[in-house]
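Below, all heavy atoms of this structure are taken into account, side chains as well, without hydrogens, waters or symmetry copies. Here the structure is a predicted model, which is why all the values come from computation and not from measurement.
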Amino acid sequence: MNNVTKYNGKNVLVMGFGLSGLNAAHLLVKLGANVVANDQKTPDDPTIVENLKKDGIKVITGDNPVSLADEDFDYVVKNPGIPYDVPLVAAFVKKGTPIITEAELGYEIFSGHLVSVTGSNGKTTTTTLIQKMLDAGLSHIAKYAGNIGVSFTKTAQELSADDYLVTELSSFQLLGTPDLHPHIAVITNIFANHLDYHKTRENYINAKLNITRNQTKDDYLIMNLDRDEWQEIARRSSATIVPFSRLGKSKDGAYVEDGVIYWRGEKVMPTKDIRLIGPQNVENALAAIAAAKLSGVDNEAIINVLTTFGGVRHRLQYVMDYQGRRFYNDSKSTDIEATEVALQGFEQPVILLAGGLDRGYTFERLVPYFKKHVKALIVFGECKDKMKDAGEQAGLPVYESENAVTAVPEAWKLSEPGDVILLSPANASWDQFPSFEVRGDKFIEAVEQLTGQKEQK
């Protein structure tokens, strides 16, 4: 752990009692800061507040009082999900108070080898693959943290200068990382996500590019070059660009040619041997291979990971086979692009379960994918009528259900041996579930109840 002195004696406000906020607050005390912790809600678990107070932290719950901006805070550590137009945050922005996220603190204290991953889709799978490859192929410890659900600051404190940390970083986190400087950065892809938060696509792209802002030519940016726009975005980095390309548009990094993955001309493995399905997972594998190769991992370790790893929970996760049907949980597909990609991974007929929070857009883009891959569509949630319209445009039989749970037995009745039953909602879960994780877990529970079997891990 690096000896960080910049917070010693400083007044720091931590906003948000999520995993990142709580760990940041306790770390800042260790670094000598005077910490105030604030959350708009009062936690149901009283031990959260008790533990903060035991550490000498002043706690304010039930509101984000704008009056806090009048106090003499040197730094604000903000939960990434809190928008910058929230009155208290906006007041600090106007005042010029530095606002950072826990990811910045994690970077500042971490003394080892840092690999950071961002992108619109595929971040978690790519982060996990890289961590597994480094752990299997190197003699030092490799862990993951960040937006993957593991505290960056907590994990950074557990590792030595010889160890590796692979961090998944969202655009929200990256907005608060002025000094972040990974030696290896990865951008899996860039679509048009979270525009309700970032307001414009260019703002979103700029947030993503914060992952490479402080890199130099001595660092590496691993970048998907399969689209012209992504090639243009890569030119905005000062790092050495290491490309990956499923379409073979560059052979300077990891690429596919005639169904075989290569690294700079060296054969690695056939794409058909990757256990994860779909073209998006070939791309995730290419990005991970590039990071692993740059870190010194050999092909044997890479191949072992890619032929055995069955997927991250809720991300095109194989659940089980039952009576000739195959179930997949892709609850993390909270946007249209992710569902497009998921459907392309299947040659079998798909019964698709889709719907969720209505964000105002329609689903015509899915029509060609419905026509090619889907035999029946079950819709639910706020946007079910819009999803139904797309299904009818594709000429599909469309059925309505209450939610992703009730849709499972209905999908079973519609299915035949050889079919795939896929939850890939193309929408956020918040109209009916607190998170995509809960939605996916409830889907799996419904499958288990239907089949009398447990998911295969």
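Under the 3.5 Å distance criterion, with hydrogens and angles disregarded, a donor-acceptor pair is assigned to the side chains of Asp219 and His181. A donor-acceptor pair shorter than 3.5 Å cannot be found between the side chains of Asn206 and Asn203. Looking only at atom types and distance, the side chain of Ser116 has a donor-acceptor partner in the side chain of Thr167 under 3.5 Å away. Counted by atom type alone, Thr125 and Arg315 present zero donor-acceptor pairs between their side chains at under 3.5 Å. Under the 3.5 Å distance criterion, with hydrogens and angles disregarded, a donor-acceptor pair is assigned to the side chains of Ser151 and Glu102. Thr188 and Thr126 are not linked by any side-chain donor-acceptor pair at a separation below 3.5 angstrom, with hydrogens and angles left out of the test. Asn299 and Lys267 are not linked by any side-chain donor-acceptor pair at a separation below 3.5 angstrom, with hydrogens and angles left out of the test. Counted by atom type alone, Thr216 and Ser238 present zero donor-acceptor pairs between their side chains at under 3.5 Å. The closest side-chain donor-acceptor pair between Asp162 and Ser160, if any, does not fall under 3.5 angstrom. The closest side-chain donor-acceptor pair between Thr200 and Glu202, if any, does not fall under 3.5 angstrom. There is no side-chain donor-acceptor pair under 3.5 Å between Gln173 and Thr101. Between the side chains of Lys143 and Thr155, no donor N or O sits under 3.5 Å from an acceptor N or O.
Residues His198 and Phe172 bring their aromatic ring centres within 6.0 Å. Aromatic ring centres of Phe244 and Trp263 lie farther apart than the 6.0 Å criterion allows. Aromatic ring centres of His183 and Tyr220: separated by under 6.0 Å. Here His373 and Phe346 keep their ring centres 6.0 angstrom or further from each other.
For the side-chain hydrogen bond (donor to acceptor under 3.5 Å, both in side chains) criterion with Asn329, the lone passing option out of Arg439, His314, Glu455 is His314. When each of Lys375, Arg325, Arg326 is checked for a salt bridge (Lys or Arg N to Asp or Glu O under 4.0 Å) with Glu416, only Lys375 meets the rule.
Taking both residues in full, the closest heavy atoms of Trp230 and Ile190 are given as NE1-O, 2.9 Å, listed atom of the first, atom of the second, then distance. Considering every non-hydrogen atom in both Tyr164 and Leu159, the closest pair reads O-CD1, 3.7 Å. Among all heavy-atom pairs drawn from Leu357 and Glu382, the shortest one is CD1-OE1, 3.4 Å. The two residues Val305 and Ala136 make their nearest non-hydrogen contact at CG2-CB, 4.4 Å. Here the closest heavy-atom approach between residue Gln453 and residue Asp321 is recorded as NE2-O, 3.7 Å. Here the closest heavy-atom approach between residue Leu423 and residue Ala404 is recorded as CD1-CB, 3.9 Å.
No side-chain heavy atom of Ile274 sits under 4.5 Å from any side-chain heavy atom of Thr307. Leu414 is listed as a side-chain neighbour of Ile378, based on a closest heavy-atom distance under 4.5 Å. Tyr328 places none of its side-chain heavy atoms less than 4.5 Å from the side chain of Gln317.
With a 6.0 Å cutoff to the six-membered ring centre and a 45° limit on the axis angle, Lys132 does not count as a cation-pi contact of Tyr144.
A salt bridge does not link Asp358 with Lys384: none of the charged nitrogens is closer than 4.0 Å to a carboxylate oxygen. Between Arg201 and Glu229, at least one side-chain N (NZ, or NE/NH1/NH2) sits under 4.0 Å from a carboxylate O, which counts as a salt bridge. Salt bridge absent: Glu410 and Lys413 never bring a charged side-chain N and a carboxylate O closer than 4.0 Å. Look at Arg365 and Glu337 and you find a salt bridge, because one of the NZ, NE, NH1 or NH2 atoms lies within 4.0 Å of a carboxylate O, short of that distance.
Around atom CH2 of Trp430, no more than 12 heavy atoms belonging to other residues, nucleotides or ligands sit under 6.0 Å away. Residue-environment remark: CD (Gln449) stays at or below the threshold of 12 foreign heavy atoms within 6.0 Å. Within a 6.0 Å radius of CD in Glu347, other residues, nucleotides and ligands contribute 12 heavy atoms or fewer. Atom CD of Glu300 has 12 or fewer heavy atoms from other residues, nucleotides or ligands within 6.0 Å. Other residues, nucleotides and ligands contribute over 12 non-hydrogen atoms within 6.0 Å of the NZ atom of Lys386.
At least one donor-acceptor pair under 3.5 Å links the side chain of Arg275 to the backbone N or O of Thr308.
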